[in-house]
Amino acid sequence: MKIVISNDHAAIPFKEEILSHLYERDNVEVVDLGASIKSDMEYPDYALETAKKVAAGEFDVGILLCGTGVGMSIAANKVCGIRAVVCSDPYSAKLSRQHNNANILCIGARVVGAELGKTIVDAFINATFEGGRHQLRVEKIMAIEKNR
């Protein structure tokens, strides 16, 4: 699985914890596009860069980290083809993939700790889209963005 991860200044140490965890996994390739020092870029810039790459199919999924995850999610969801979710628990992360075919996970570094963050990431990347009755719903979501 190819994963792109990005963050703003609020999630630098949190990202390092998540990256270390991902590097320990087999069959995972991770590219880090996020901040490593406080920079002039703001969270919408990081969200846009990551969302464009996921939407283009360069990566299977993306992970966006900021203070709450909310700003990253709002920005990423402006990109056609993106279904970004903010998750603070593993159950929501798992179901967002299974039922909504979410392709970007957003987590708030100021909301969850590193260990819970790792569990949320695992739940998200281990889950797969179930299709079936959920496929029609995802298609309806995609039709909404085409009619903007």
Which residues end up grouped with Val111 if you chain together Ile, Leu, Val, Met, Phe, Trp and Tyr wherever their side-chain heavy atoms are less than 4.5 Å apart?
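Met1, Ile3, Ile5, Phe14, Ile18, Leu19, Leu22, Tyr23, Val28, Val30, Val61, Ile63, Leu65, Val85, Leu105, Ile107, Val112, Leu116, Ile120, Val121, Phe124, Ile125, listed by chain and number.
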Give, for atom [atom1] of [X] and atom [atom2] of [Y], the distance between the pair rounded to the nearest 0.5 Å.
| X | Y | atom1 | atom2 | value |
| --- | --- | --- | --- | --- |
| Thr119 | Asp89 | OG1 | CG | 11.0 Å |
| Glu16 | Ser36 | CD | OG | 7.5 Å |
| Asp45 | Asp8 | CG | CG | 10.5 Å |
| Cys80 | Lys146 | SG | NZ | 7.0 Å |
| Tyr43 | Thr68 | OH | OG1 | 8.0 Å |

My understanding is that only residues two or more places apart in sequence, or in another chain, count here; which of them pass salt bridge (Lys or Arg N to Asp or Glu O under 4.0 Å) with [X]?
| X | result |
| --- | --- |
| Asp122 | Arg25 |
| Glu24 | none |
| Glu42 | none |

For [X] versus [Y], what's the shortest heavy-atom pair and its separation?
| X | Y | answer |
| --- | --- | --- |
| Ser6 | Met72 | O-CE, 4.3 Å |
| Gly71 | Cys66 | N-SG, 4.5 Å |
| Arg110 | Ala10 | NH2-CB, 3.5 Å |
| Ala123 | Pro90 | CB-O, 3.4 Å |

Apply side-chain contact (heavy atoms from CB on, under 4.5 Å) to Ile82 and list each qualifying residue two or more places apart in sequence or on a separate chain.
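Scan of Ile82 (side-chain contact (heavy atoms from CB on, under 4.5 Å), adjacent residues dropped) gives Ala51, Val54, Ala55, Ala76, Asn77, Val79, Ala84, Asn103, Ile104.
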Residues in side-chain contact (heavy atoms from CB on, under 4.5 Å) with His134, at least two apart?
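Residues passing side-chain contact (heavy atoms from CB on, under 4.5 Å) with His134: His99, Phe129, Glu130, Arg137.
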Let me check something: do Ile12 and Val31 share a hydrophobic cluster, defined by ILVMFWY side-chain heavy atoms less than 4.5 Å apart, either directly or through other members?
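Hydrophobic grouping puts Ile12 apart from Val31.
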Between Ile74 and Leu48, is there a shared hydrophobic cluster once you connect ILVMFWY residues whose side-chain heavy atoms come closer than 4.5 Å?
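No.
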With side-chain hydrogen bond (donor to acceptor under 3.5 Å, both in side chains) as the rule and sequence neighbours excluded, what pairs involving residues 47-64 come up?
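Matches after skipping sequence neighbours: none remain.
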List in chain and number order the residues that pass side-chain hydrogen bond (donor to acceptor under 3.5 Å, both in side chains) with [X], two or more places apart in sequence or in another chain; answer none if no residue qualifies.
| X | result |
| --- | --- |
| Ser88 | none |
| Gln98 | none |
| Tyr46 | Ser39 |
| Asp32 | Lys15 |

All pairs passing ring-ring contact (aromatic ring centres under 6.0 Å, His included) where residues 60-93 contributes a residue, at least two apart
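Listed once each, the pairs would be none.
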Kindly indicate, with the supporting measurements, whether the criterion side-chain contact (heavy atoms from CB on, under 4.5 Å) is fulfilled by Leu136 and Lys140.
CA-CA 6 Å; Leu136 176 62; Lys140 286 183 176 188; 4.2 Å; yes
Measure from the side-chain N and O atoms of Arg97 to the backbone N and O of Thr128, and report whether any donor-acceptor pair falls under 3.5 Å.
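It does not hold such a pair.
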